Participant: 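Submitted below is the structure of interest, expressed as structure tokens.
Basis for what follows: all heavy atoms, side chains included, without hydrogens, waters or symmetry-related copies. Reminder, nothing fancy here: chain letters follow the sequence lines and each chain counts from 1. Everything quoted here is computed from the prediction, not taken from an experiment.
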Amino acid sequence: MSENKELLFEMKNIEKIFSHVHALDHVNFDVRKGEVHALLGENGAGKSTLIKILTGVYTKDGGQIYMDGKEIEINSREDAANAGIAVIFQELSLIPTLSVYQNILLGKEISKFGFISDSAEKKQIQDLIDHYGFPVKATDIVETLSVAQKQMVEILKALATDAKLIIMDEPTASLSSRESELLFKIINQLRDKGVSIIYISHRLEEVFNLSDRITILRDGKNAGVIEKEDIVPSEVVKMMIGKEVSESTASRTLKTSDAETVLEVKHLTHLGYYDDVSFEVKKGEVLVLTGLVGSGRTEVVRTIYGADPYDSGQILFEGKPIKPTISKSVTNGFGLIPEDRRTQGFSPLLSVTKNVALTSYDKIAKSGFVKASDEDKLGEKAVELTDLRPANPKVKVGDLSGGNQQKAVLGKWLTRDLKVILIDEPTVGIDIGAKDEIYNIIEGLASQGVAVLMVSSDIAEVLRVAHRILVMREGRVIKEFNDGVATQEDILLASSGYVENQEEA
Amino acid sequence: MNEKLKNNPVMKVLLGNSRLIVLLIMVVVFTVLTSGKFFTYKNLINILYAVSLYGIMITGAAFAVLVGGIDRTVSGNAALSGAVVAMTILTRGVGGGNVALAIFLGLGCGALSGLIHGLILSRFNIPAFLLTLATNEVLYGIVQFVTGNQLIYIRECALMDYIGQVRWLGIPIPVYIMIACVIFSYIVLNHTVYGRQIYSVGGNRISSELSGVPARRDILIAYIISGFMGALAGFVLSSMNQQASSTQAKNYENDVLAAIVVGGVSMRGGSGTIQGAILGAFLIGVIGNGMTLIGVDAIYHNMIKGLIIIAAISIDMASVPGSPLNNFLRKFKKKKA
């Protein structure tokens with residue numbers, strides 16, 4: 001594999017500037033023929049900007065791009081496709097009711113005198129499938145396929161247009177481990193046939209196993225290129241994080257609280273989602289569940305709230321076992337800040353007041369009737385407690401910025417007497433200023449004695465607010481950080497499958 | 001506009017409700033075009049009388065739309081209720097107890113129909129439009145069965161005669177029934193927890209459920225109210241006509257839903273008011289009546305009504321940021337500016 005060192009694709013000194021910020025600062029990146037090349041970096045390191053430039057979504061502000069040694073310009077998706085660059089989308093773009101070959105040839109149908117030649121289409125695609133040895137049939141209907149198979153159809157779609165360079169962005173995010181294995185086999189087969197692949201994943205384990213080379217980006221700059229033989233996991237993580245990161249944000253001193261336990265979970269299991277999860281959250285404590293997306297964190301939190309079922313195990317609230325339902329949870333003093341605020345957090349057409357009051361009608365209504373003045377008080381209180389802007393509770397939540405929408409969702413629960421708050425990825429898509437305010441709110445809740453259970457993938461965020469940290473992977477808690485110093489590196493290694501201090505094989 | 005005029009309470013109401021302005025303009029236009037014939041006591045009462053039936057149905061059907069669904073069975077429920085009332089009176093006589101039983105059964109049928117629809121639609125992910133399109137046919141089938149496909153005359157039932165014939169202060173009783181229903185719906189939607197939950201569930205069911213709102217129960221109740229109001233309208237209609245037929249109220253659901261949309265209730269749920277929906281009914285009623293008086297051929301009525309509905313839906317769609325229509329209008333505005 002590595003004997004073929006001929007370059008297929010090269011980007012030199014790529015620059016991209018977004019409103020005075022250097023998103024990419026003289027970045028170099030190249031891919032050889034028949035190579036799996038991983039692109040690594042933390043969120044915001046510039047990976048997606050680079051990919052968007054090479055697929056024609058963004059135009060570069062400087063630098064050159066070469067394909068097969070010739071300089072090319074990529075100004076649109078068509079340019080990228082013509083150059084032989086294809087992306088396998090995370091959200092699959094297939095039409096479920098059509099067959100595999102119909103999907104692959106969509107818009108490129110083989111026709112004679114205006115009539116589609118079905119048999120020619122089937123044959124062409126089946127030949128393509130056989131050539132690469134994919135486990136699908138040309139005539140399969142897409143909606144009957146597994147997620148991994150659908151991904152293969154996406155790959156076939158790229159191959160049918162003679163793509164020479166295929167970009168896979170987190171392709172295993174929605175695959176089971178068995179399906180992932182299948183995908184890795186396919187990737188290896190593609191490489192053997194001379195196709196080049198740019199592979200992006202947060203799962204370092206699979207990156208290290210698959211890649212022939214790794215390019216690491218950090219803060220929009222090149223942080224290093226490593227050949228397969230030279231990969232040392234902890235070194236790679238260090239390169240991703242950077243040495244100049246200050247101690248305060250890169251680590252946190254944790255401490256187990258000796259306050260009373262408010263919420264306890266024992267051997268909680270929901271088959272297919274998470275397995276044998278146990279932990280406790282104490283009064284005034286912030287326990288963070290971290291790990292990769294899809295590791296079962298959200299499902300655990302939803303189960304505790306009563307929004308999802310479970311198969312076995314026990315949930316204890318203030319020492320007593322409970323069988324949660326949402327309405328019981330709300331009366332017990334639980335609150336939930338859901339994963340995706342737009343679809344799960346608020347009613348966009350309603351005002352801040354009406355959204356906030358929704359959780360409190362048990363308190364303010366008299367025999368089913370509501371007084372608007374009571375609601376207004378709650379709305380004003382929510383605005384005050386969260387410093388919501390504009391400071392007008394009559395504004396529709398749908399018209400607010402992301403950060404203020406999240407504050408409105410927080411306001412739903414801050415206006416109640418809370419005992420436990422479950423928070424799922426509270427700052428996704430929120431600007432830095434509002435993030436900090438939300439962390440302050442969370443810390444404020446903890447200092448008032450509320451038990452906080454939070455899910456977060458953002459390591460900086462985890463280290464900012466956590467009192468204790470649990471790392472989940474594939475449905476299991478694989479590491480706990482209770483006392484002492486936890487560093488960014490420790491957490492990143494644990495989440496991506498490298499648990500060094502724990503003998504668990 | 002000067003400040004004094006802006007602060008005038010009448011102006012405030014008008015500025016806050018563009019439909020009211022449109023309605024008033026329509027009234028003036030038709031009055032002028034008909035050289036006053038439109039704006040006579042008799043004609044205005046005619047309009048009120050005609051709109052009252054739709055109005056009663058709207059006060060129920062609006063719940064289904066607001067909660068994020070739709071109920072096309074208001075007409076079927078009306079027909080069934082009329083038929084059940086008529087058949088009960090026909091078989092048992094017009095004694096007080098029998099009439100009470102008849103009304104109980106008739107309205108009960110509507111509520112039961114709503115209960116069944118609510119149970120299905122709150123639990124299963126079936127498009128409400130399709131389900132109620134189909135079940136409305138089923139309901140008319142049941143009505144044919146109940147009436148034996150005959151016109152059933154209701155004679156000498158004092159209460160129904162009273163509702164159908166008598167006027168208080170010169171205004172027919174059905175108008176008062178409609179006003180009572182509007183007040184009921186207005187209070188429920190604006191002053192109760194249930195009303196708040198309706199808007200919330202209609203706007204975002206998942207977030208409402210996660211906030212502890214019993215969305216299933218709320219949807220169920222919405223369809224029961226819709227079924228009940230449909231049945232009530234059917235009873236009133238039978239009182240007006242002193243008969244029940246197997247085609248009673250047929251296709252009324254189209255005008256009811258049209259009025260709801262024209263009245264500014266979003267078909268996506270979660271936004272709109274009952275007073276808006278009633279104004280929508282008056283707009284459609286006034287336009288129909290005015291066109292007849294002017295002498296517009298009846299064949300054009302539906303066409304014009306259709307155009308008005310398209311206009312209303314366009315306004316609804318254009319108000320959603322990011323929708324193609326909204327983007328189009330934005331671009332258009334930019335070009336002008």
Participant: Whether the side chain of Ser347(A) engages the backbone of Ser200(B) through a donor-acceptor N/O pair (distance < 3.5 Å, no angle test) should be reported.
Facilitator: yes
Participant: Output the distance between atom OG1 (Thr192(B)) and atom OH (Tyr361(A)), rounded to the nearest 0.5 Å.
Facilitator: 9.0 Å
Participant: Okay, side chain of Asn204(B), backbone of Thr343(A): is any donor-acceptor separation there less than 3.5 Å?
Facilitator: yes
Participant: I'd like to know which of Gly203(B), Ser211(B), Gly212(B) tops the heavy-atom pair count under 4.5 Å against chain A.
Facilitator: Ser211(B)
Participant: For atom CZ of Arg77(A), is the number of surrounding heavy atoms from other residues, nucleotides or ligands below 6.0 Å larger than 12?
Facilitator: no
Participant: For Ser208(B), which atoms come within 4.5 Å of any heavy atom of chain A: side chain, backbone, both, or neither?
Facilitator: both
Participant: Is it the case that more than 12 heavy atoms not belonging to Arg342(A) sit under 6.0 Å from its CZ atom?
Facilitator: no
Participant: Are Val370(A) and His191(B) packed together at the side-chain level, in the sense that at least one heavy-atom pair is separated by less than 4.5 angstrom?
Facilitator: no
Participant: Between Gly345(A), Ser367(A), Pro338(A), which shows the greatest number of heavy-atom pairs under 4.5 Å with chain B?
Facilitator: Gly345(A)
Participant: Within the supplied structure, the quantity of interest is the number of heavy atoms (other residues, nucleotides, ligands) at a distance under 6.0 Å from Lys363(A) NZ; does it exceed 12?
Facilitator: yes
Participant: So for Phe369(A), is it side chain, backbone, both, or neither that comes closer than 4.5 Å to the heavy atoms of chain B?
Facilitator: both
Participant: Among the options Glu375(A), Lys328(A), Lys366(A), pick out the one with the most heavy-atom pairs lying under 4.5 Å from chain B.
Facilitator: Glu375(A)
Participant: Might you point out which heavy atoms bring Ala365(A) and Val193(B) nearest each other, and give the distance in Å?
Facilitator: CB-CG2, 3.3 Å
Participant: Quick check for you: to the nearest 0.5 Å, what is the distance between Leu350(A) atom CG and Ser271(B) atom OG?
Facilitator: 9.0 Å
Participant: What part of Arg416(A) lies closer than 4.5 angstrom to a heavy atom of chain B: side chain, backbone, both or neither?
Facilitator: neither
Participant: Between the side chain of Tyr305(A) and the main-chain N/O of Leu210(B), is any donor-acceptor distance below 3.5 Å?
Facilitator: yes
Participant: CZ of Arg196(B) to CG of Asn355(A): how many Å apart, nearest 0.5 Å?
Facilitator: 12.0 Å
